Amino acid sequence: MSIQYEAPLADSYGVADSFPKDFGYGEEEGDIEDSPSPSDSKPRILLMGLRRSGKSSIQKVVFHKMSPNETLFLESTNKIYKDDISSSSFVNFQIWDFPGQVDFFDPTFDYEMIFRGTGALIFVIDAQDDYVEALGRLHLTVSRAYRVNPEINFEVFIHKVDGLSDDHKIETQRDIHQRANDDLADASLEKLHLSFYLTSIYDHSIFEAFSKVVQKLIPQLPTLENLLNIFISNSGIEKAFLFDVVSKIYIATDSSPVDMQSYELCCDMIDVVIDVSCIYGLKEDGSGSAYDKESMAIIKLNNTTVLYLKEVTKFLALVCILREESFERKGLIDYNFHCFRKAIHEVFEVGVSTSRTSNQPTGTPLMKTVALNGTPRSTV
């Protein structure tokens with residue numbers, strides 16, 4: 001295995017900011033009853049479910065780099081926590097972690113305010129427990145939320161499946177899927193769509209599930225996927241992921257199917273790069289950042305596969321999977337990557353200007369389709 005670092009290409013991204021403290025996203029902001037802050041206007045992801053279903057553990061493992069084993073010592077959540085996630089140019093939202101024992105449909109509770117600004121609602125079900133009560137709470141929650149805001153993405157995490165056999169996992173998912181949709185049909189809510197994921201904090205399934213949830217909240221996703229398709233088709237690359245380095249969520253990938261093993265390899269590569277950089281990439285006095293504009297790594301596996309990581313922005317990395325013979329054209333790949341990175345930055349600049357345009361109707365963000373060389377082609 002070899003890891004190499006190189007100087008950035010000309011006109012590369014010039015931000016030298018370091019990661020948030022301890023490569024995390026900061027501390028929770030406290031409970032919902034605090035005074036409003038400007039960040040309250042950000043899109044929200046709600047984590048809901050019964051007590052001890054694993055909601056807080058998911059949040060800590062994905063966004064605060066907590067070891068799964070350490071989550072065993074987490075206390076039960078007894079109030080609503082707001083966690084501000086600002087992981088990259090394209091992922092900018094809050095996670096609200098709800099305690100399982102709180103009746104958030106109490107008349108004194110302003111559930112309309114909560115659901116009105118929500119982008120996604122994740123309901124966590126403990127697959128190792130009796131989930132009849134959880135299914136009842138799921139139906140009550142999503143039906144009430146749908147009536148307030150039909151635009152919410154409803155996601156169901158069938159969690160803690162690490163202790164189940166493969167056959168039991170499939171049977172549990174089928175049973176929960178069938179019962180949940182039957183309940184919706186009985187309530188004449190056929191238009192309400194639920195997405196189901198098998199998850200565990202002890203493998204990469206929770207990161208892939210959260211990746212799918214976050215991607216639905218990124219309006220630039222079609223543009224990013226198109227850029228990745230153009231990049232890999234002109235560079236001889238088999239698969240490419242655009243990662244948020246902090247959480248290991250991939251915010252976009254090309255149109256070819258995602259292989260779980262390939263995704264796990266890319267996640268492990270990010271861990272290796274950050275760990276090695278923390279040891280050898282900092283200055284003698286400990287200053288600097290473990291991930292910056294000069295970050296680049298090459299890992300050659302023993303099956304002629306090459307993993308190639310390049311910095312895109314201060315929070316995003318492009319991780320590519322390709323064959324050794326394709327990597328012989330590294331100069332071409334680097335040039336195409338430079339064009340790709342310029343295009344990503346232009347998409348970001350358009351997104352920023354869009355968010356500041358006050359007279360643009362809600363739900364119609366200004367976006368451009370960007371060619372590989374970074375020049376605008378057409379307005380979407």
Side-chain angles (χ1 to χ4, degrees), residues 28-29 31-32 39-60 62-63 77 79-85 91-106 109-127 131 133-160 173 176-177 179-181 183-185 187 189-199 205-219 221 247 249 363:
E28 287 95 350
E29 297 181 8
D31 69 302
I32 194 173
S39 61
D40 286 340
S41 61
K42 296 179 181 177
R44 291 192 286 268
I45 294 179
L46 307 186
L47 270 175
M48 294 182 169
L50 299 183
R51 291 182 71 252
R52 312 303 301 175
S53 59
K55 303 182 296 297
S56 299
S57 299
I58 291 172
Q59 179 190 356
K60 293 294 186 182
V62 175
F63 296 107
T77 304
K79 61 180 180 179
I80 302 172
Y81 279 104
K82 297 184 295 182
D83 196 7
D84 189 12
I85 306 299
V91 183
N92 192 19
F93 54 83
Q94 289 183 322
I95 290 185
W96 288 20
D97 183 8
F98 283 75
Q101 69 272 23
V102 168
D103 181 10
F104 45 87
F105 295 124
D106 186 280
F109 206 85
D110 190 0
Y111 66 86
E112 289 196 8
M113 179 276 294
I114 294 172
F115 293 140
R116 198 176 297 119
T118 296
L121 191 158
I122 300 174
F123 196 92
V124 184
I125 296 178
D126 185 350
Y131 45 77
E133 182 184 354
L135 285 170
R137 178 65 70 90
L138 168 65
H139 178 74
L140 177 66
T141 302
V142 300
S143 58
R144 186 72 64 91
Y146 182 77
R147 291 186 176 95
V148 174
N149 182 3
E151 303 301 318
I152 294 178
N153 297 318
F154 295 100
E155 322 285 352
V156 180
F157 284 7
I158 304 171
H159 196 48
K160 301 183 182 180
Q173 184 176 18
I176 292 176
H177 182 280
R179 292 193 189 190
N181 283 300
D183 289 343
L184 293 177
L189 292 173
E190 292 87 351
K191 293 184 179 180
L192 195 162
H193 176 70
L194 299 175
S195 299
F196 296 86
Y197 308 88
L198 294 170
T199 61
S205 59
I206 190 62
F207 296 96
E208 184 173 21
F210 240 106
S211 297
K212 300 291 180 59
V213 172
V214 169
Q215 286 169 22
K216 295 178 184 179
L217 303 178
I218 301 175
L221 181 63
S247 65
I249 286 175

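None of the values given here were measured: they were computed from a predicted structure.
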Could you give me the CA-CA distance, side-chain angles and deciding distance for F157 and F210, then say whether side chain to side chain contact (heavy atoms under 4.5 Å, CB included) is met? CA-CA 9 Å; F157 284 7; F210 240 106; 4.0 Å; yes

Answer yes or no: is there a side-chain heavy-atom contact under 4.5 Å between M48 and L121? yes

Closest approach of A185 to E190 (non-hydrogen atoms, all atoms of both residues): O-OE2, 3.6 Å

Determine whether a donor-acceptor pair (N or O, by modelled atom type, separation under 3.5 Å) exists between the side chain of K55 and the backbone of L50. yes

I want to check something: taking the side chain as every heavy atom from C-beta on, are L217 and I45 in contact at a cut-off of under 4.5 Å? yes

Does any part of the side chain of V62, heavy atoms only, come nearer than 4.5 Å to the side chain of F207, both counted from C-beta? yes

Would you please test V214 and F93 for side chain to side chain contact (heavy atoms under 4.5 Å, CB included) and show each step? CA-CA 9 Å; V214 169; F93 54 83; 3.8 Å; yes

So, does R44 use its side chain to make a donor-acceptor pair with the main chain of I114 at under 3.5 Å? yes

So NE2 of H159 and OG of S57: to nearest 0.5 Å the spacing works out to 6.5 Å

Is the shortest side-chain heavy-atom distance between D83 and D97 below 4.5 Å? no

Taking all heavy atoms of N153 and all of E155, pick out the closest pair and write down the distance. CB-OE2, 3.4 Å

Pairwise side-chain contact, K79 with Y81, heavy-atom cut-off 4.5 Å (strictly under): yes

Hey, what do you get for CG (L46) to CD1 (I152), rounding to the nearest 0.5 Å? 6.5 Å

Heavy-atom distance under 4.5 Å between the side chains of P99 and I80, does that happen here? yes

Of all heavy-atom pairs between F196 and A180, which one has the smallest distance, and what is that distance? CZ-CB, 4.0 Å

To the nearest 0.5 Å, what is the distance between CZ on F98 and CG on L47? 9.5 Å

Give, for atom CD1 of I95 and atom OG of S56, the distance between the pair rounded to the nearest 0.5 Å. 11.0 Å

To check you understand the geometry: which heavy-atom pair defines the closest contact between F154 and L192, and what is its length? CD1-CD2, 3.7 Å

Could you measure the distance from the CG atom of L194 to the CG atom of L184? Nearest 0.5 Å is fine. 5.0 Å

For F123 and V142, what are the C-alpha separation, side-chain angles and deciding distance, and is it a side chain to side chain contact (heavy atoms under 4.5 Å, CB included)? CA-CA 9 Å; F123 196 92; V142 300; 5.6 Å; no

What is the minimum heavy-atom distance between H139 and A187, and which atoms define it? CE1-CB, 3.7 Å

K191 versus P150: any side-chain heavy-atom pair under 4.5 Å? no

CG of L140 to CG of L135: how many Å apart, nearest 0.5 Å? 12.5 Å

Quick check: does any side chain N or O of N149 sit under 3.5 Å from a backbone N or O of F115, one acting as donor and the other as acceptor? yes

Kindly determine whether Q94 and D84 satisfy side chain to side chain contact (heavy atoms under 4.5 Å, CB included), including the steps that lead there. CA-CA 4 Å; Q94 289 183 322; D84 189 12; 4.0 Å; yes

